[in-house]
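Indexing begins at 1, ligand by ligand and atom by atom, following the structure's order. Predicted model only: the values in this text are computed from it and were never measured.
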Amino acid sequence: MSAQDLSIDQITRSHDNLFTSVRLDRLAEHRDDPGWVRDILNSESARLVPLWRNRSLLEVSGERQQAIYLSPAELGSRGLSQPPTLLGSDGDHCFFVVSINDRQREELLATRPNARFLDLRIASIDMDARHAGMLAYAKALHYWQYRHAFCGVCGSPNRLESAGHRLVCSNEECGRRSFPRIDPAIIVLVTEGEACLLGHNGNWPPRRFSTLAGFVEPGESLEDAVVREVFEEASIRLREIHYVSSQPWPFPASAMCGFYAEAMSRDYRVSEEMTELRWFTATELDEAIAADHVRLPPPVSIAFRLIADWYRQACGGDLEPLVRGAGSWRQPGSPGR
Ligand SMILES: [Zn+2]
């Protein structure tokens with residue numbers, strides 16, 4: 001399949017991936033204006049996205065999860081360990097991410113009996129895409145702040161600036177500045193003729209088959225990484241590569257860059273990482289899912305989107321109902337390492 005075969009443009013394709021669906025003005029021009037940030041935080045429009053131990057606060061109702069945003073008054077009296085980080089505005093509200101401690105968590109949950117702090121990777125399977133995007137953005141920033149509490153050069157504590165988007169070493173002689181980190185990774189569906197290649201990684205749940213993926217290494221372009229990963233994991237050489245779409249993947253800090261690639265042949269060799277590899281036509285994939293021999297990653301992942309879009313191109317069918325019927329809907333995917 002070539003990129004031209006897809007009927008929607010690349011921007012729209014990325015927007016279809018979960019965690020990209022939040023439409024926020026990130027207000028970057030105001031981040032370095034503490035007075036402006038303080039006024040917004042004290043205004044009626046402010047909403048806080050709380051994180052406790054990197055878990056997101058959700059209202060659980062039956063099978064569905066709904067993000068909970070707090071007004072500053074709801075948390076204000078309990079105090080914050082560090083200033084809220086500005087996320088942006090959706091036109092109605094201005095959102096900030098805040099880190100809360102064990103005591104604050106208990107107090108919050110006592111007033112909201114259906115609220116839970118949940119792992120976004122699992123919770124996002126059954127939640128509104130817009131809120132999943134907000135929580136993913138909050139989680140990614142929070143993770144970066146937490147993992148870079150100390151300067152990587154001199155070891156002094158870092159302090160937050162720019163409304164939470166810049167860390168600066170508190171040692172004035174050092175003063176090193178650092179910015180949110182993202183690890184780029186490629187994820188690729190390899191095809192040859194009518195078939196696509198899926199692999200099983202020994203660390204995944206049984207019968208889970210997915211696309212090939214891996215981190216981009218220093219000195220590589222995204223395309224170089226696709227070629228290397230496919231050869232490392234399957235010993236397959238590629239004829240063509242097409243970029244498809246991308247997805248923020250805050251587990252913990254990746255940006256997944258999705259590709260289709262055409263193999264030069266169907267000959268492959270399994271690797272230490274991919275312990276089983278199989279070519280599937282659309283019909284074979286249908287049958288394998290129906291017989292529960294194959295379980296695909298959940299639809300929140302770009303891995304699933306790559307497979308589902310290929311499948312729709314191949315036979316006009318929709319994979320989501322098949323995956324739901326096969327009982328693998330709730331299993332967390334693992335499209336990266
Ligand atoms: Zn330093």
Side-chain angles (χ1 to χ4, degrees), residues 19 22 24-42 46 48-57 72 75-76 78-89 94-105 117 119-121 134-186 214-222 224-225 246 248-257 336-337:
F19 307 130
V22 59
L24 280 186
D25 179 347
R26 294 183 175 224
L27 300 167
E29 69 276 20
H30 292 297
R31 288 174 188 163
D32 287 308
D33 183 347
W36 185 92
V37 173
R38 193 170 51 245
D39 287 348
I40 289 291
L41 194 53
N42 290 328
L48 305 180
V49 183
L51 280 164
W52 171 75
R53 298 189 181 184
N54 221 21
R55 292 176 171 234
S56 308
L57 182 61
L75 211 57
R78 299 178 175 103
L80 293 169
S81 55
Q82 62 184 36
T85 292
L86 175 64
L87 295 174
S89 168
C94 201
F95 295 88
F96 295 81
V97 54
V98 293
S99 178
I100 68 166
N101 60 32
D102 292 356
R103 180 179 53 78
Q104 290 170 319
R105 170 185 170 271
F117 280 92
D119 178 354
L120 184 62
R121 187 159 172 160
M134 180 76 79
L135 299 187
Y137 176 24
K139 182 178 181 327
L141 267 176
H142 183 259
Y143 178 82
W144 165 71
Q145 293 170 353
Y146 170 73
R147 291 299 294 263
H148 294 82
F150 297 92
C151 173
V153 175
C154 74
S156 302
N158 277 328
R159 66 168 188 272
L160 282 172
E161 288 190 354
S162 195
H165 292 258
R166 183 171 64 231
L167 284 164
V168 181
C169 177
S170 59
N171 172 4
E172 284 184 12
E173 286 180 19
C174 174
R176 181 174 180 268
R177 292 153 40 121
S178 52
F179 299 90
R181 285 285 312 275
I182 297 166
D183 300 322
I186 60 88
F215 285 111
V216 181
E217 295 192 348
E220 280 186 327
S221 68
L222 297 178
D224 289 339
S246 60
W249 191 250
F251 309 108
S254 288
M256 305 300 293
C257 306
R337 275 180 285 188

Mind listing the side-chain donor-acceptor pairs of residues 169-177 below 3.5 Å, one per line with the distance, residues two or more places apart or on another chain?
residue, atom, partner, partner atom, Å
S170, OG, P157, O, 2.6
N171, OD1, E173, N, 3.0

Could you note down all residue pairs passing side chain to side chain donor-acceptor pair (under 3.5 Å) where residues 149-162 supplies at least one of them, sequence neighbours left out?
-> D32-S162, R159-E161, E161-R166
Is any side-chain heavy atom of W249 less than 4.5 Å from a side-chain heavy atom of R121?
-> yes
Under 2.8 Å from the Zn ion (ligand 1), how many protein N, O or S atoms can be found?
-> 4
Do the side chains of F95 and L24 get nearer than 4.5 Å, heavy atoms only?
-> yes
Which residues satisfy the ring-ring contact (aromatic ring centres under 6.0 Å, His included) test with H165, sequence neighbours excluded?
-> none
Heavy atoms, side chains only, cut-off 4.5 Å: are T85 and H142 in contact?
-> no
